[in-house]
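The structure appears below as structure tokens.
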Amino acid sequence: MVMKYCWGMFLVIFLLLGCRSSQHTLPRTVAEQSPPDESALLIDSILQTGLDREAVYTLLGHIKPMSSLKLYRMPLANTDSARRISPNIVDRAQKGRYLDRLSRVQKAVNEIRLPDLAFVLIPYRTHQDSIRTIQLSVVRVSLLDSLLKAKESFFGQYGLVPGTDPATVVSTIENAGIYERYRGYGYLFGYPDYAVDFFVEASHTHRDIQQPTPRNFFNIPTHQSKEGYFVYAYPKDYEPSREVDSLLYHRSTKVLETYEKLRDRYLNADSTVRAYRLLLDAATAEGRLK
């Protein structure tokens, strides 16, 4: 995902999009058993993907209230309008393997015990033909609660207040009206207020005149790429500011530097990362795990 995706990529970002627990029991990790447990492998794979991309700013930092981890696209949606009132939509004989895969993902993320983090698996409201997209995201609960309070004039219309379960918040925004979804996701993904305003207003204009509003993009680097993951649009005539954009950039890159220093210590022989152990150790060092 790079800058050339521009409008389409940024629209997807806005459309993208666990349970709290005091338990810290660690499922067996890749390094602690032979042969490795399937769930532990899946947990490390999901978390490594997030750490290598923009979710590092949620998983290891306090920058983004929510970040995307994985997208699962599966042929589960009903395409037959005549069957909308039927209770029998998914034929297990034909599509049960997709549900089984989602079950493995849900089971794995349910086993994750990281303080202040919740993992939510939310289906997109819309679908393309039979393809239903299910979004796996991670939420920094304390940041979400602060956001719900700071933006209560927006989130309050849905009755969303600090302490609301993260899955309820994300599901509510996913199923809101088009512009409310854009704004809600913009806030959840940690974009500056002016960038959220610009995107919502530009989307409204584009819908009216069928022509995109000229824009530039502000990129914050990740381990995987310097561009394309933590990115937001801003007006052509806007000059990024020290107080907003530069501050966000420098706060974020400090988190990335921390991850880069830690990453090599948790590498397996096959270059995969013991991501769960990395995050547990980081939480312990921060004093979140006793």
Side-chain angles (χ1 to χ4, degrees), residues 1-17 53-58 61-68 137-140 142-158 160-162 166 169-170 172-174 176-222 225-256:
M1 195 181 297
V2 293
M3 287 290 295
K4 66 181 180 180
Y5 292 123
C6 293
W7 171 261
M9 174 276 297
F10 199 69
L11 179 60
V12 169
I13 288 177
F14 267 78
L15 289 176
L16 296 180
L17 313 80
R53 299 178 181 177
E54 75 276 12
V56 67
Y57 300 120
T58 303
H62 293 71
I63 306 295
K64 297 168 92 289
M66 184 177 85
S67 292
S68 304
S137 300
V138 59
V139 176
R140 173 73 62 178
S142 59
L143 284 185
L144 175 62
D145 286 345
S146 296
L147 177 66
L148 293 176
K149 180 61 178 176
K151 300 295 184 186
E152 67 179 7
S153 61
F154 173 76
F155 289 104
Q157 65 183 305
Y158 304 107
L160 301 175
V161 297
V169 175
V170 181
T172 298
I173 295 305
E174 170 57 30
I178 181 172
Y179 302 114
E180 291 87 350
R181 285 197 355 261
Y182 290 166
R183 182 172 296 280
Y185 276 129
Y187 290 149
L188 289 171
F189 283 126
Y191 302 126
D193 286 356
Y194 84 87
V196 177
D197 292 341
F198 170 71
F199 185 81
V200 174
E201 292 163 6
S203 298
H204 186 271
T205 300
H206 173 69
R207 193 179 182 93
D208 285 345
I209 66 176
Q210 298 299 305
Q211 184 174 348
T213 304
R215 66 198 62 205
N216 290 322
F217 293 89
F218 192 89
N219 281 274
I220 294 172
T222 66
S225 176
K226 292 182 178 180
E227 298 181 344
Y229 286 107
F230 190 7
V231 55
Y232 54 87
Y234 62 89
K236 277 282 189 181
D237 59 357
Y238 174 81
E239 185 70 25
S241 72
R242 177 180 300 178
E243 296 77 12
V244 177
D245 307 283
S246 293
L247 178 61
L248 177 60
Y249 185 94
H250 289 298
R251 287 182 62 220
S252 300
T253 53
K254 285 183 179 180
V255 174
L256 181 59

Which atom of [X] lies closest to which atom of [Y], heavy atoms considered:
X: Leu147; Y: Tyr187; value: CD2-O, 3.6 Å
X: Ala233; Y: Ala195; value: O-CB, 3.6 Å
X: Leu144; Y: Leu188; value: CD1-CD2, 3.7 Å
X: Gly190; Y: Leu248; value: O-CD2, 4.3 Å

Between Arg183 and Asp197, is the side chain to side chain contact (heavy atoms under 4.5 Å, CB included) condition met? List the steps. CA-CA 7 Å; Arg183 182 172 296 280; Asp197 292 341; 2.7 Å; yes

Identified ring-ring contact (aromatic ring centres under 6.0 Å, His included) counterpart of His204 within the set Phe198, Tyr182, Tyr179: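 One option only clears the test, and that one is Tyr179.
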
With Thr222 via side-chain hydrogen bond (donor to acceptor under 3.5 Å, both in side chains) - residues at least two apart: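 Residues passing side-chain hydrogen bond (donor to acceptor under 3.5 Å, both in side chains) with Thr222: none at all.
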
Just how far is it from atom [atom1] of [X] to atom [atom2] of [Y], taken to the nearest 0.5 Å?
X: Ser137; Y: Lys64; atom1: OG; atom2: NZ; value: 9.0 Å
X: Glu180; Y: Thr172; atom1: CD; atom2: OG1; value: 12.5 Å
X: Thr213; Y: Glu201; atom1: OG1; atom2: CD; value: 9.5 Å
X: Ile220; Y: Tyr249; atom1: CD1; atom2: OH; value: 8.0 Å
X: Leu148; Y: Leu143; atom1: CG; atom2: CG; value: 11.0 Å

Would a distance-only check, ignoring hydrogens and angles, find a side-chain to backbone donor-acceptor pair under 3.5 Å from Lys226 to Pro221?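 Not confirmed, Lys226 side chain does not pair with Pro221 backbone.
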
Quick check: does any side chain N or O of Arg251 sit under 3.5 Å from a backbone N or O of His62, one acting as donor and the other as acceptor?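 Looks like yes, one N/O pair under 3.5 Å.
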
Can you confirm whether or not the ring centre of Phe199 sits under 6.0 Å from the ring centre of Tyr232?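 No, ring centres 6.0 Å or more apart.
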
Describe, in one word, how the ring planes of Tyr158 and Phe154 are oriented to each other, choosing from parallel (under 30°), tilted (30 to 60°) and perpendicular (over 60°).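 Answer is perpendicular, since the angle exceeds 60°.
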
Parallel, tilted or perpendicular for Phe230 and Tyr57, by the 30°/60° rule?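 Geometry flag for Tyr57 against Phe230: tilted rings.
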
Going through the distances and angles, do Lys236 and Asn216 end up as a side chain to side chain contact (heavy atoms under 4.5 Å, CB included)? CA-CA 6 Å; Lys236 277 282 189 181; Asn216 290 322; 3.2 Å; yes

Partners of Ser241 by side-chain contact (heavy atoms from CB on, under 4.5 Å), sequence neighbours excluded?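 Only Tyr238, Glu243, Val244, Asp245 meet the side-chain contact (heavy atoms from CB on, under 4.5 Å) criterion with Ser241.
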
Heavy-atom side-chain proximity of Asn219 to Val231 below 4.5 angstrom: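 They are in side-chain contact.
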
Under a 4.5 Å cut-off applied to non-hydrogen side-chain atoms, are Met66 and Phe189 in contact?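 Yes, at least one pair of side-chain atoms sits under 4.5 Å.
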
